[in-house]
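Shown below is the structure under consideration.
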Amino acid sequence: MIKVTDSIFYVGADDHEVDLFEGQYDVPLGMAYNSYVIVDDKTAVCDTIDAGSTETWLANIREVLGDKAPDYLIVHHMEPDHSASIAVFAELYPTTVIVASAKAFVMMQQFFGTDYADRRMVVKEGDVLDLGTRTLSFITAPMVHWPEVIMSYDSRDKVLFSADAFGKFGANDVEDPEGWTCEARRYYFGIVGKYGPQAQAVLKKAARLDIAVICPLHGPVLKEDLGYYLEKYNLWTTYQPEDKGVTIAYTSVYGHTKTAVEKLAAMLEEKGVKVSVHDLARMDMPEAVEDAFRYDRLVLATTTYNNDCFPFMRTYVEHLTERCYQNRTIGIVENGSWAPTAAKTIRSLLEGSKNLTFCENTVTIKSALNAESEAALAALAEELAAV
């Protein structure tokens, strides 16, 4: 139990057993599942917790409330890492009113076989819950990143309970050596990135509030320099580059494309360009996705494979297009021993993306670099450095 304000308490838990969050995201620093208790004339618990941490969470609630039953359970988001303990909580506290959106109660029926009709309070945009010395105002946040999501704002302590927004990978009891931004960026683009317009709409609502504290459902409570976090989210939700630099994502079967990538990276670095290189077959795919959104330029280097591009490259580009990749400059390096078609395939995969500028210099390697393809590589480096 940790104090957020004099009457709001953190009662979440850290998970160091999880290896893949949502079955796909590597979380070497673990994961935090956040829940909060508001103590007022009436008490409210904000969200439950992942099933693996239920007992720790209930003990944390008892540490704050003792034997007193909460008046309300507020469900901001129904994803199981936040809702899995609803049924256990509801049985333990049969008089507690459950507050959620209409769509959330539909999902409760699906998950638990009941929509708690005898004890539910359905809330929508602009509804208010009076707890005594404060009120909670509800903000709908559909598709950030599920359709039932709501946020709430505590008018007294100026706290925004932001659901999954402003969350990050990593447990709260481990210091992240890279700070908040890197794992928050990977989390955002991996999980929420498809829904930039919806997230941007919620940011505009939040801009009208006087916010002193942000309480997300993952990661640390944010109190200092909130403008920094809001500005990052404004960039991310509008798909604008965050930094100047080139991400090079590549696949290589026998090492020849890798050699070309290493030479291109060296050429760019000699010109003072920041470069981030990802071997898509061996490195964490979400990290490569994160960097593609972080920087303003991207090079896709790959072999031709079955008259297509190499499978890891196709998957990577599909990850980008699924998340509405846009507003970037793209360079392409293709390799093929008899019929190079990777560049054509990549362009076709990206043809529906907005505001992409393709470099004039496309590098075609026939098996291995030679004088002609090295010259093309140098021309591509010059073009990228000039952006």
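Numbers here are sequence positions counted from 1.
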Would you confirm whether Q109, through its side chain, and G113, through its main-chain N or O, come within 3.5 Å as a donor-acceptor pair?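 Between the backbone of G113 and the side chain of Q109 there is a qualifying donor-acceptor contact (under 3.5 Å).
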Does atom CD of Q24 have more than 12 heavy-atom neighbours, drawn from other residues, nucleotides or ligands, at distances under 6.0 Å?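 Enclosed: over 12 neighbouring heavy atoms sit under 6.0 Å from CD of Q24.
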Strictly distance-based, threshold 3.5 Å: is any side-chain N or O of T43 a donor or acceptor partner for the main-chain N or O of V39?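 Looks like no, no N/O pair under 3.5 Å.
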Using modelled atom types only, decide if a donor and an acceptor are shared between the side chain of D47 and the backbone of S35 within a distance under 3.5 Å.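 No, D47 side chain to S35 backbone: no donor-acceptor pair under 3.5 Å.
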Show the nearest heavy-atom pair for residues G196 and Y188, with the distance to one decimal.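 Minimum heavy-atom separation between G196 and Y188: CA-OH, 3.6 Å.
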Ignoring hydrogens and angles, tell me if any N or O in the side chain of N355 forms a donor-acceptor pair with the backbone of N327 under 3.5 Å. no
Tell me whether E262 at atom CD has more than 12 heavy atoms from other residues, nucleotides or ligands lying less than 6.0 Å away.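 Result for CD/E262: enclosed.
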For N34 and H82, test the side chains for any donor-to-acceptor distance below 3.5 angstrom and give the result as yes or no.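 N34 vs H82: no donor-acceptor pair found between side chains.
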Quick one: does E242's side chain have a donor or acceptor within less than 3.5 Å of a partner on K232's backbone? no
How long is the gap from OG1 on T304 to CZ on F310, to the nearest 0.5 Å? 11.5 Å
Side-chain touch T238/Q200, heavy atoms, less than 4.5 angstrom: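 Yes. Closest side-chain heavy atoms under 4.5 Å.
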Before we go on, tell me: are the rings of Y229 and F166 under 6.0 Å apart, centre to centre? no
Would you say the side chains of H145 and D164 form a donor-acceptor pair under 3.5 Å?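 There is such a pair between these side chains.
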Should Y153 and L136 be marked as a side-chain contact (heavy atoms from CB on, under 4.5 Å) after you check the CA-CA gap, both sets of side-chain angles, and the distance that decides it? CA-CA 5 Å; Y153 175 69; L136 290 181; over 6 Å; no
K344 with E334: basic N within carboxylate O range, under 4.0 Å: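 Not counted as a salt bridge, because no side-chain N and carboxylate O are separated by less than 4.0 Å.
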State the OH-CG distance between Y25 and D19, to the nearest 0.5 angstrom. 15.0 Å
Common cluster, V387/L298, ILVMFWY with side-chain heavy-atom separation under 4.5 Å: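 Different clusters.
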Output the distance between atom CD1 (I214) and atom CG (L222), rounded to the nearest 0.5 Å. 5.5 Å
Okay, side chain of D296, backbone of P241: is any donor-acceptor separation there less than 3.5 Å? no
Could you point out which residue of E79, H77, M143 forms a side-chain contact (heavy atoms from CB on, under 4.5 Å) with E148?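 With E148 as partner, E79, H77, M143 yield a single side-chain contact (heavy atoms from CB on, under 4.5 Å), made by H77.
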Using a strict 4.0 Å threshold on nitrogen-to-oxygen distance, state whether K263 and E374 make a salt bridge.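 Salt bridge: yes.
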R156 and S7 side chains, donor-acceptor separation under 3.5 Å: yes
Any salt bridge between R185 and D291, counting N to O under 4.0 Å? no
Ring centroid separation Y36 to F9 under 6.0 Å: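 No, the ring centres sit 6.0 Å or more apart.
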Could you go through T96 and F89, starting from their C-alpha distance and side-chain angles, then the distance that decides it, and tell me whether this counts as side-chain contact (heavy atoms from CB on, under 4.5 Å)? CA-CA 9 Å; T96 299; F89 179 94; 3.8 Å; yes
Taking the six-membered ring for Trp and the single ring otherwise, decide whether the centroids of H218 and F21 are under 6.0 Å apart. yes
Under the criterion side-chain contact (heavy atoms from CB on, under 4.5 Å), I'd like the reasoning laid out for M108 against T114: C-alpha separation, chi angles, the key distance, then a yes or no. CA-CA 6 Å; M108 287 181 213; T114 178; over 6 Å; no
Would you please indicate if the ring centroids of Y33 and W57 are separated by under 6.0 Å?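 For Y33 and W57, the ring centres are not under 6.0 Å apart.
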Taking all atoms of both residues into account, what is the closest heavy-atom pair of D176 and E183, and its distance?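 Smallest interatomic distance, heavy atoms only, reads OD2-CG, 3.4 Å.
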Checking side-chain polar atoms at under 3.5 Å, does S155 have a donor or acceptor matched by the opposite partner on T135?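 Looking only at side-chain atoms, T135 and S155 do form a donor-acceptor pair, the distance falling under 3.5 Å.
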Supply the atom-to-atom distance D279 CG to I248 CD1, rounded to the nearest 0.5 angstrom. 12.5 Å
Do H76 and S152 meet the criterion of a side-chain donor-acceptor pair at a distance under 3.5 Å?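 Present: a donor and an acceptor within the cut-off.
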Heavy-atom side-chain contact between L356 and R328 under 4.5 Å: yes
Taking the six-membered ring for Trp, are W236 and F293 ring centroids under 6.0 Å apart? no
Please determine whether the number of non-hydrogen atoms from other residues, nucleotides or ligands lying under 6.0 Å from atom NZ of K205 exceeds 12.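 More than 12 within 6.0 Å, yes.
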In terms of hydrophobic clustering (I, L, V, M, F, W, Y; side-chain heavy atoms under 4.5 Å; direct or indirect links), are V149 and Y195 co-clustered? no
Could you tell me if E287 and H278 have a donor-acceptor pair between their side chains, going purely by distance under 3.5 Å? no
CG of D157 to OG1 of T5: how many Å apart, nearest 0.5 Å?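 Going from CG on D157 over to OG1 on T5, the span is 3.5 Å.
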Under the side-chain hydrogen bond (donor to acceptor under 3.5 Å, both in side chains) rule, what do T251 and Y305 come out as? Steps first, then yes or no, please. CA-CA 11 Å; T251 63; Y305 191 85; over 6 Å; no
Is there a donor-acceptor pair under 3.5 Å between the side chain of D15 and the backbone N or O of E17? yes
Donor-acceptor pair between N370 and S373 side chains, under 3.5 angstrom: yes
Show your reasoning for whether side-chain hydrogen bond (donor to acceptor under 3.5 Å, both in side chains) applies to T303 and N335. CA-CA 5 Å; T303 47; N335 195 345; over 6 Å; no
Under 3.5 Å: donor-acceptor pair, side chain of Y10, backbone of K3: no
Any salt bridge linking K274 with E269? Criterion: basic side-chain nitrogen under 4.0 Å from a carboxylate oxygen. no
Can F312 be reached from I332 by stepping across I, L, V, M, F, W or Y side chains whose heavy atoms are under 4.5 Å apart?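 Shared cluster, yes.
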Distance under 6.0 Å and angle within 45° of the ring axis: does R120 meet both against F105?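 So R120 does make the cation-pi contact.
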Once you round to the nearest 0.5 Å, how far does CG of L203 lie from CZ of R208? 11.5 Å
Answer yes or no: are there more than 12 heavy-atom neighbours, outside Y254 itself, under 6.0 Å from its atom OH? no
Same cluster or not: are Y187 and Y239 linked, directly or through other Ile, Leu, Val, Met, Phe, Trp or Tyr residues, by side-chain heavy atoms under 4.5 angstrom apart? yes
Hey, any chance I330 and L320 share a hydrophobic cluster, counting ILVMFWY side chains that come within less than 4.5 Å of each other, even indirectly? yes
Candidate pair S367 and S337, rule side-chain hydrogen bond (donor to acceptor under 3.5 Å, both in side chains), full reasoning: CA-CA 5 Å; S367 300; S337 291; 2.9 Å; yes
Check: T48/S85 side-chain N/O donor and acceptor closer than 3.5 Å: no
Decide yes or no on salt bridge (charged side-chain N to carboxylate O under 4.0 Å, His left out) for R62 and D67, but give the supporting numbers first. CA-CA 7 Å; R62 286 191 293 269; D67 294 331; over 6 Å; no
Tell me whether R314 is salt-bridged to E318, with the criterion being a basic N under 4.0 Å from an acidic carboxylate O.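 Salt bridge flag = yes for E318 with R314.
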